[in-house]
Amino acid sequence: MNLILLDSNDPHQLWKAEDPRGIHVRKVLGMKPGDSFFVGVENGRIGKATILRDGQSGMELETILDTDSPPPLPLHLLVGLPRPQVARRLLREFPSLGVENATFFVADKSEASYATSSLWTGEEWKRLLREGAEQAFCTWIPRIHHTGSLEEALAGLEGGRKVALDLYEATGKFGKGAPAETIALGPEGGWTNREREVLRNSGLELQSMGPRVMRVETALIAAVAIWSAVV
């Protein structure tokens with residue numbers, strides 16, 4: 001990890017001896033009292049922490065947070081709920097891509113059981129987002145939402161241009177024109193004809209990124225990269 005997230009912006013902090021962050025600093029980074037490393041507060045500023053003491057009572061730190069974290073992109077992703085192993089990869093990537101909001105919805109070709117995976121019913125998804133932020137050297141934790149259908153996901157959207165990525169019935173090329181505020185991606189099996197009609201009727205433009213079928217995570221990374229390049 002390239003920085004470690006703190007629980008507060010308190011300039012003096014004490015991590016218990018069993019805190020995974022302290023174990024990482026001590027055993028992986030090989031640091032001792034007097035050494036410093038990068039830290040940040042969730043959705044807050046970035047700075048450095050200096051180890052004052054490290055012993056049986058824990059690791060005592062002095063922190064100085066003096067740098068703003070990169071702001072999130074004003075972009076909302078709608079993603080058809082994929083298999084848990086794919087969702088795990090996406091959650092790690094969201095912070096490095098700078099995504100502000102992401103809504104997972106149960107698409108026609110999603111398995112309903114995906115929503116009750118241990119990934120979502122426990123704390124794992126939150127941990128993956130934090131790990132992604134620490135790797136990306138930023139503090140922004142994307143906001144994650146869940147809905148039971150595409151219709152519910154679309155109902156909560158505000159104004160602005162909206163695009164759905166689709167290989168088969170696209171009427172335009174993604175990245176042309178004004179940047180979209182919402183990008184929708186189907187699950188691993190793609191959109192059904194019914195969902196395409198829902199998307200069109202909700203004002204989304206069907207656009208493609210080329211003639212080849214992409215994995216969900218590949219399409220998402222490519223779409224955000226193209227979006228960032230034209231903003």
Side-chain angles (χ1 to χ4, degrees), residues 1-10 13-29 38-44 46 49 58-59 61 69 72-73 75-157 183-189 215-221 224:
M1 59 185 72
N2 294 313
L3 67 76
I4 295 177
L5 288 176
L6 304 171
D7 298 325
S8 74
N9 57 9
D10 190 332
Q13 302 201 17
L14 176 63
W15 290 347
K16 294 181 179 180
E18 66 273 16
D19 192 307
R21 297 170 297 184
I23 294 173
H24 178 83
V25 169
R26 188 181 304 113
K27 294 188 175 181
V28 178
L29 301 183
F38 286 105
V39 294
V41 176
E42 184 173 320
N43 299 330
I46 291 173
M59 182 176 290
L61 306 171
S69 179
L73 304 176
L75 178 63
H76 192 153
L77 295 178
L78 306 184
V79 185
L81 192 64
R83 291 173 296 156
Q85 55 264 46
V86 175
R88 289 182 175 94
R89 292 195 288 268
L90 295 179
L91 290 167
R92 287 192 181 95
E93 292 294 342
F94 283 162
S96 61
L97 293 172
V99 174
E100 184 172 23
N101 289 282
T103 297
F104 288 95
F105 62 91
V106 180
D108 288 352
K109 293 185 179 181
S110 296
E111 290 287 343
S113 62
Y114 295 165
T116 57
S117 161
S118 60
L119 166 66
W120 301 115
T121 57
E123 298 292 310
E124 183 183 1
W125 67 275
K126 295 180 182 179
R127 176 179 59 80
L128 293 172
L129 288 173
R130 287 177 64 91
E131 289 177 0
E134 291 173 329
Q135 180 63 36
F137 200 81
C138 72
T139 65
W140 174 258
I141 304 297
R143 292 189 286 261
I144 304 298
H145 317 273
H146 292 269
T147 67
S149 68
L150 173 60
E151 288 85 344
E152 291 178 23
L154 295 172
L157 296 180
I183 302 174
L185 300 89
E188 292 154 291
R215 295 179 182 272
V216 173
E217 57 266 44
T218 303
L220 187 145
I221 293 172
V224 177

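No hydrogens, no waters, no symmetry mates; every other heavy atom, side chains included, goes into these values.
A 6.0 Å sphere centred on CZ of F137 holds more than 12 heavy atoms belonging to other residues, nucleotides or ligands.
Counting heavy atoms from C-beta outward, F104 and P82 have side chains that approach closer than 4.5 Å. Here the side chains of L128 and L119 are in contact, with some heavy-atom distance below 4.5 Å. Residues E100 and L73 have side chains not in contact (no heavy-atom distance under 4.5 Å, counting atoms from C-beta outward). Residues R21 and D7 form a side-chain contact, since some pair of their non-hydrogen atoms from C-beta on lies under 4.5 Å apart. Residues F105 and E151 are not in side-chain contact: their nearest non-hydrogen atoms beyond the backbone lie 4.5 Å or more apart.
The structure places CG of L129 at 10.5 Å from CZ of R92, a figure rounded to the nearest 0.5 Å. Going from atom CD1 of I144 over to atom CG of L91 covers 5.5 Å, rounded to the nearest 0.5 Å. Going from atom CG of L3 over to atom SG of C138 covers 7.5 Å, rounded to the nearest 0.5 Å. Rounding to the nearest 0.5 Å gives a distance of 8.5 Å between CZ of R127 and CZ of R88. For the atom pair OG1 of T139 and CZ of R130, the computed distance is 10.5 Å after rounding to the nearest 0.5 Å. Atoms CH2 and CZ, on W15 and R26 in that order, are 10.0 Å from each other to the nearest 0.5 Å.
In this structure, the side chain of E188 engages the main chain of R83 through a donor-acceptor pair within 3.5 Å. Listed for the Q135 side chain is no donor-acceptor partner under 3.5 Å among the backbone atoms of P95.
Closest approach of T116 and T121 over heavy atoms only: O-CG2, 3.6 Å. The heavy-atom pair separating T103 from H76 by the smallest distance is OG1-NE2, 2.8 Å. Residues F94 and P142 share a closest heavy-atom pair of CB-CG, 3.8 Å. S96 and E93 make their closest contact through OG-O, 2.9 Å (heavy atoms, listed as atom of the first residue, atom of the second, distance). Contact between R143 and N101 at its shortest, heavy atoms only, is NE-OD1, 3.1 Å. The shortest heavy-atom contact between I4 and E134 is CA-OE2, 3.6 Å.
Under the rule for a side chain to side chain contact (heavy atoms under 4.5 Å, CB included), the partners of V106 that lie at least two apart in sequence or sit in another chain are L81, S110. D10 pairs by the salt bridge (charged side-chain N to carboxylate O under 4.0 Å, His left out) definition with nothing, not counting sequence neighbours. Among residues two or more places apart in sequence or in another chain, the side chain to side chain contact (heavy atoms under 4.5 Å, CB included) test is passed with K126 by E123. Annotation: side chain to side chain contact (heavy atoms under 4.5 Å, CB included) contacts of E111 (sequence neighbours excluded): S113, Y114. Residues meeting the side chain to side chain contact (heavy atoms under 4.5 Å, CB included) test with L14, sequence neighbours left out: E60. Not counting sequence neighbours, R215 has no partner by the salt bridge (charged side-chain N to carboxylate O under 4.0 Å, His left out) test.
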Check against side chain to side chain contact (heavy atoms under 4.5 Å, CB included), L78 and T147: CA-CA 10 Å; L78 306 184; T147 67; over 6 Å; no

Check against side chain to side chain contact (heavy atoms under 4.5 Å, CB included), L97 and L220: CA-CA 10 Å; L97 293 172; L220 187 145; 3.4 Å; yes

Under the criterion side chain to side chain contact (heavy atoms under 4.5 Å, CB included), I'd like the reasoning laid out for V39 against L61: C-alpha separation, chi angles, the key distance, then a yes or no. CA-CA 11 Å; V39 294; L61 306 171; 5.8 Å; no

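In this pair, W125 and H146 present their aromatic rings perpendicular. The plane angle is above 60°, beyond the 30 to 60° band.
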